[in-house]
Undergrad: 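Let me give you the structure first, and then I'll get to my questions.
Chain letters run A, B, ... following the sequence lines, proteins first and then strands; every chain starts at 1.
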Amino acid sequence: MNSQSKSFVREPRFIFDVTLIFSIWLLGCGSNFESGEEIQQNRIRSSSLSSLIWLSTQKSGNCQVTKTQTLGNTTKTIETCNRRTRGTCNVDPLLLTSSELNLILYDANNLLKAQESCREGFLASGILVLTPTTEEAIDSLKKNNSFTSIASCEESGFSLSKPMVSESDLNFLLTAKGRIGQAAERIIGSPRSLQSSIDNANTCLNKILMESEKTLLRQLRLGEVVTEIVKP
Amino acid sequence: MKYVIYFFLFLAIPLRAEVSVKVKVLRGYSRNPVGGATVISKAGKASGLTDKFGEVNLVFPKVGFFEIRVVSGERIESRNYEIRYAGQEILIYLSETSNSGIVVQGEKDKVVIGRYGLSQEEIKRLPGVAGDSLKALQTIPGIAIGVPLGLTPTVFSGAIGNFGGAPYTNSSRGDLTLRGGGARQNLFLFDGFLLPYAFHLGNQSSVLNNNIIKSFDVYTGAFPARYGFATGGIISIDGVDKVEETKSVININFFLADAYHQTKLISGLSMIAGVRQNYPNLVLLRVYPQGIPEDAKFAQYNDFQAKIFWDLNSDHKIVFQTFGSRDRQAYTKQVSSLDREGEDPRPPIGLDRIFRTDGLKYIWKGKKFRNTIAHSRTELNEFNEVRFTNPLTGENVFGLQNRTTDVFNFTEARLEVELIEEMLKWESGIQNRARDASLKGENISSRNRTFQTFFDNLLDSNATFRSLIDGDRVIYQELALYTEFQAKWNGFRFSPGVRLDSYSGSKEKNLSPRINGGYVFESTKTSILGGHGIHFNAPPSIEQLSTKSGNPNLLMEKSEHNTIGINQELPKGWNIKVEGFRNIFENIVVNDNYSRDAFAPNQDPRILVRDLSRGNYQPFVVRNLSYSNSGYGTSEGWELFLRKSKDPKESSGLFGWISYTNSLTKRINNQPRTNSSDVQRRDLENLTRRLVFQNQVGTNLFNIYEDGSSEIIFNNDRMELYDLDRTHILNMVFGYKFNPEWQLGGRFRYFSGNPYTPIVNAQRAGQTAAAGITLFIPEYSQNFNSDRFLPIHQIDIRLDRFISYDWGYWNWYVELVNFYGRRNQSGENFDNFRAFQRGVNPSPIFDTVNSPFIQTVRPGGNLVYLPLLNLGIEVRF
């Protein structure tokens with residue numbers, strides 16, 4: 001290094017700048033260095049973990065419902081149990097909102113467009129007379145039903161003489177498909193049904209339902225499975 | 001007597017004899033000899049090339065004072081020397097400040113791969129651009145013209161697509177796209193200061209005066225570590241940085257007038273100023289309105305630039321700079337008619353867009369280093385007005401004004417050091433860019449009750465519209481640190497660098513490598529080059545980052561640029577460069593209808609007002625984030641750049657360049673493709689359940705709802721052609737100077753048409769038929785971007801006549817823009833009141849800005865399309 005090039009390193013400003021730049025570099029690199037990819041991975045990991053924890057709590061347990069019925073001056077309390085988990089052990093499944101009704105009507109309409117054979121099942125399902133639950137009805141349902149999340153119906157003293165349907169089956173029964181399917185099953189099981197109606201109902205069930213769904217509806221009709229158990 | 005004669009002959013011989021002197025050219029500080037430099041004395045009619053010792057012998061006709069000019073690379077040093085005797089030795093020191101003030105980095109030190117540069121002399125008289133030299137950017141390899149921003153607010157128009165109504169888009173609006181990058185993902189710099197946009201409204205002309213541009217460099221490959229805040233490319237424009245003489249230039253033509261002045265105020269203090277006014281609406285719409293196509297649009301714009309240099313001494317320099325631009329309202333022929341005859345001249349849409357950048361730069365140059373500290377503030381203000389009036393009743397149906405402010409504060413400290421002379425340089429620096437963007441709706445007016453209800457419903461249902469009216473604001477900061485070495489050893493060139501970008505929005509810090517290098521075979525002047533770089537940039541739009549209507553958690557976009565190439569210098573100023581590239585774009589911000597925040601703060605004040613009485617205000621709501629970093633894309637291809645520079649010693653000659661790009665760019669938005677009935681059912685279902693978690697599994701989404709139900713949103717999207725993809729881009733530009741008085745220039749360009757999704761049919765809208773109106777809804781092909789518009793091609797010609805005087809020169813010029821009146825298609829328009837008819841409806845939309853034409857009628861009644869004529873004069877004194 002000649003004398004010319006030596007001189008610049010003696011410049012105080014130069015030394016100041018180099019020190020400043022390297023200091024900021026060290027600060028920048030040393031402090032909480034997290035790249036965009038790492039942030040994205042952390043977000044996914046955190047969200048997945050939270051979901052798992054939430055699901056593990058919300059999707060566990062059974063639901064004990066204490067129903068209070070008032071007949072005149074007599075108040076009667078009935079305790080039932082179903083497979084609803086902690087997340088849905090509340091009044092919500094008993095309510096019907098206008099959004100839910102719209103969805104049922106939309107699905108039913110599409111089913112009818114696709115399967116003319118389901119028309120009788122649709123008429124018998126009661127979908128057409130469904131109305132959203134009123135504010136008063138909601139208050140009444142809340143007042144007359146108390147919900148307790150329990151570990152399991154069996155452990156809480158409910159004796160299972162028949163198998164209970166699962167929570168997903170309960171949800172299915174509230175859909176348009178479930179409601180029409182139940183009605184079609186009723187038509188099939190009714191001794192007063194015309195053969196043509198039975199044929200239509202069978203066709204409808206075969207076209208719109210999976211095998212497991214048909215089995216569920218048949219077992220329900222025959223009383224082989226139940227949706228809830230009543231404590232004697 | 002004869003002795004007397006002999007005596008006088010003896011005296012006379014040396015007087016008439018030629019004087020041979022040795023000129024030695026050395027570098028300023030190192031005293032190293034400069035070989036290969038041209039040494040010229042015009043008055044002495046002597047010239048020569050220095051040898052490896054930096055020496056050349058020149059023969060002068062006589063003793064006396066002569067100007068000697070040394071040309072080395074791009075440096076030109078000119079001084080007067082006294083030639084006193086034969087055998088005299090003259091030492092000329094080429095100072096590093098000889099050409100442009102304080103310069104450490106010369107042209108040869110710049111990255112060669114992935115960079116294209118042109119100088120003022122080459123671009124100033126570019127044909128077909130109405131005297132606007134920066135439009136030469138469009139002729140650089142790898143650059144495709146984008147879809148101009150138009151009348152929408154700059155900060156509020158990210159991924160809004162190209163063609164209205166089309167079912168698919170994978171691009172955003174912007175002036176240029178570089179090697180398949182996003183049109184809003186380029187960085188324009190003028191003297192290192194931020195240039196918010198380089199072209200006026202509609203890409204019509206640039207915002208910089210021709211004479212203030214010294215040169216520009218376009219980085220499309222791996223950027224040097226100094227450059228960031230972009231994933232597409234860098235357009236770095238260098239302004240004139242030294243005033244050697246007082247000069248004024250006035251340029252007037254049919255479409256614009258500009259003036260430029262530079263002068264030395266006092267010793268060490270110089271200034272430059274330039275202004276421009278464009279008035280195409282005045283000339284064309286007033287003088288020959290019947291010749292303008294119906295959809296021709298013209299803006300009225302102004303721009304200015306000013307610069308003050310203060311050389312405190314040989315080592316210290318301060319530069320103050322300010323530049324700005326103003327764009328006002330797009331005018332159409334119909335609007336012009338309104339202007340002349342209508343009572344209310346205001347058109348339905350108004351725009352007033354202004355930007356101004358003020359910058360201060362301090363440069364301290366030591367013997368081996370340069371230290372630059374710069375700060376600039378850029379403010380962009382936009383005023384948009386939309387007003388619809390019933391043409392029959394004059395009723396104000398709807399009026400809305402929107403004011404947008406976007407402020408950038410940019411600070412940079414930069415240090416360049418020559419560690420080992422001619423072998424190793426080091427550059428490092430810090431940059432801080434802070435942004436504060438806000439917008440607000442004003443003066444909303446409507447006297448139409450039906451519209452008021454519609455407006456109210458729109459406010460409730462559309463968060464983006466609500467943020468436009470209520471106002472929105474985004475503040476973020478980007479801090480960058482970079483360091484880079486430039487090493488040379490024999491023929492090897494190697495520039496490793498690294499850059500750290502941090503972004504306050506997502507609190508991420510990304511370390512990105514930048515490597516450029518190669519080998520130069522000095523014997524054949526052949527260079528083999530390669531480059532690789534990773535680049536990051538924050539999302540550009542308010543709407544994308546908005547906490548009200550966008551996704552404030554968006555990450556920085558990322559791109560990887562890979563380039564290899566070969567450069568061959570040829571004799572007589574010829575140069576040929578071939579490059580192959582492959583760019584990968586990740587984390588591209590795209591419209592996303594599925595990305596949601598399950599617990600977003602409820603920021604709608606209307607909910608508070610309306611629901612307080614019921615007391616069921618929800619502090620958290622499920623909010624559609626509208627945008628995500630799901631986009632991905634690739635671009636690959638090769639480029640050719642053949643260039644001929646004019647010999648500066650010759651007063652006549654050929655110069656120009658041919659650029660050709662062959663590329664394929666594809667994008668995928670990673671958005672599920674669903675049919676309308678699926679979407680409708682899902683929307684209905686979502687009203688019955690509340691989202692509690694949204695997880696990402698690869699590019700799929702897994703939603704969990706409060707009722708325990710779950711949903712997988714499967715990504716079935718696929719790669720499609722980029723909206724701005726052009727397979728072939730060819731530009732041929734030439735200028736031939738016949739003599740000092742005449743110059744002819746020409747430009748030919750050919751681009752493949754842009755891809756688009758064709759309309760294949762139209763359905764009659766049944767519900768409107770009852771009202772007596774038959775509307776047709778276009779039905780687009782399911783094969784997105786499966787067709788291309790016709791290729792674009794045109795020729796422009798310019799003839800210049802120079803008349804020189806003692807005080808300067810006159811330069812008359814005539815331009816024939818779009819010589820054969822080609823109508824180049826830029827889009828198509830479907831008329832909803834007419835049925836689909838192939839070739840008729842939809843009808844083509846022609847680009848009347850880049851390919852203007854005059855339409856007139858032949859005596860037989862046929863339309864004929866003629867080139868646009870432009871006449872102008874430039875006066876320099």
Undergrad: Does L555(B) form a side chain to side chain contact (heavy atoms under 4.5 Å, CB included) with I39(A)? I'd like the steps, not just the answer.
TA: CA-CA 9 Å; L555(B) 299 171; I39(A) 285 177; 4.0 Å; yes
Undergrad: Taking every heavy-atom pair that is under 4.5 Å apart, which of E38(A), Q40(A), Q58(A) has the most such pairs with chain B?
TA: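 Going by pairs under 4.5 Å, I would pick Q40(A).
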Undergrad: CG of N686(B) to CG of L103(A): how many Å apart, nearest 0.5 Å?
TA: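 Nearest 0.5 Å value for the CG-CG distance: 10.0 Å.
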Undergrad: Check the pair Y106(A), Q680(B) against side chain to side chain contact (heavy atoms under 4.5 Å, CB included), reporting the backbone distance first and the verdict last.
TA: CA-CA 10 Å; Y106(A) 178 83; Q680(B) 194 177 358; 3.7 Å; yes
Undergrad: Could you list the residues that satisfy side-chain hydrogen bond (donor to acceptor under 3.5 Å, both in side chains) with T227(A), not counting sequence neighbours?
TA: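 So T227(A) forms no side-chain hydrogen bond (donor to acceptor under 3.5 Å, both in side chains) with any residue.
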Undergrad: Looking only at non-hydrogen atoms, find the nearest pair between F693(B) and S47(A) and report the distance.
TA: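 That closest heavy-atom pairing would be CD2-O, 4.2 Å.
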Undergrad: Looking at G87(A), S99(A), S51(A), P93(A), which has the largest count of heavy-atom pairs under 4.5 Å with chain B?
TA: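 Ranked by heavy-atom pairs under 4.5 Å with chain B, first place is S51(A).
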Undergrad: Using the test side-chain hydrogen bond (donor to acceptor under 3.5 Å, both in side chains), find all partners of R433(B) that sit at least two apart in sequence or belong to another chain.
TA: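 Scan of R433(B) (side-chain hydrogen bond (donor to acceptor under 3.5 Å, both in side chains), adjacent residues dropped) gives E478(B).
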Undergrad: Given a strict heavy-atom distance threshold of 4.5 Å, which part of T88(A) is in contact with chain B: side chain, backbone, both, or neither?
TA: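 The side chain, not the backbone.
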Undergrad: Evaluate the side chain to side chain contact (heavy atoms under 4.5 Å, CB included) criterion for residues R43(A) and S506(B): first the C-alpha distance (whole Å), next the side-chain angles of each, then the deciding distance (0.1 Å), finally the verdict.
TA: CA-CA 11 Å; R43(A) 282 180 188 168; S506(B) 56; 4.1 Å; yes
Undergrad: Rounded to the nearest 0.5 Å, what separates atom OG1 in T688(B) from atom CG in L101(A)?
TA: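 Atom-to-atom, T688(B):OG1 and L101(A):CG are 11.5 Å apart.
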Undergrad: Distance from S35(A) atom OG to M556(B) atom CE, nearest 0.5 Å?
TA: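 Going from the OG atom of S35(A) to the CE atom of M556(B) covers 11.5 Å.
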Undergrad: Side chain, backbone, both or neither: which part of D107(A) has an atom under 4.5 Å from a heavy atom of chain B?
TA: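 For D107(A), the side chain is the part near chain B, not the backbone.
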Undergrad: Report the distance from atom CD of E37(A) to atom CG of N510(B), rounding to the nearest 0.5 Å.
TA: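 E37(A) atom CD to N510(B) atom CG measures 8.0 Å (nearest 0.5 Å).
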Undergrad: Please list all pairs meeting disulfide bond (SG atoms under 2.5 Å apart) that have one or both residues in residues 97-136 of chain A, counting only residues at least two apart or in different chains.
TA: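 Only C118(A)-C204(A) qualify under disulfide bond (SG atoms under 2.5 Å apart).
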Undergrad: Heavy atom to heavy atom, less than 4.5 Å: which residues from residues 697-706 of chain B reach chain A?
TA: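 The residues closer than 4.5 Å to chain A, in numerical order, are I704(B), Y705(B), E706(B).
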Undergrad: Could you tell me which portion of S50(A) (side chain, backbone, both or neither) has an atom closer than 4.5 angstrom to a non-hydrogen atom of chain B?
TA: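 The answer is both parts of S50(A).
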Undergrad: In Å and rounded to the nearest 0.5 Å, what is the OG to NZ distance from S710(B) to K59(A)?
TA: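 One finds 7.5 Å between OG of S710(B) and NZ of K59(A).
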Undergrad: What part of R84(A) gets within 4.5 angstrom of chain B, counting heavy atoms only: side chain, backbone, both, or neither?
TA: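 Neither part.
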Undergrad: Let me confirm one number: the CG-CG distance from N90(A) to D707(B), rounded to the nearest 0.5 Å.
TA: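 If I round to the nearest 0.5 Å, the distance is 10.0 Å.
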Undergrad: Select, from D501(B), N553(B), L687(B), the one with the greatest count of heavy-atom pairs under 4.5 Å involving chain A.
TA: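 The residue among D501(B), N553(B), L687(B) with the greatest pair count is N553(B).
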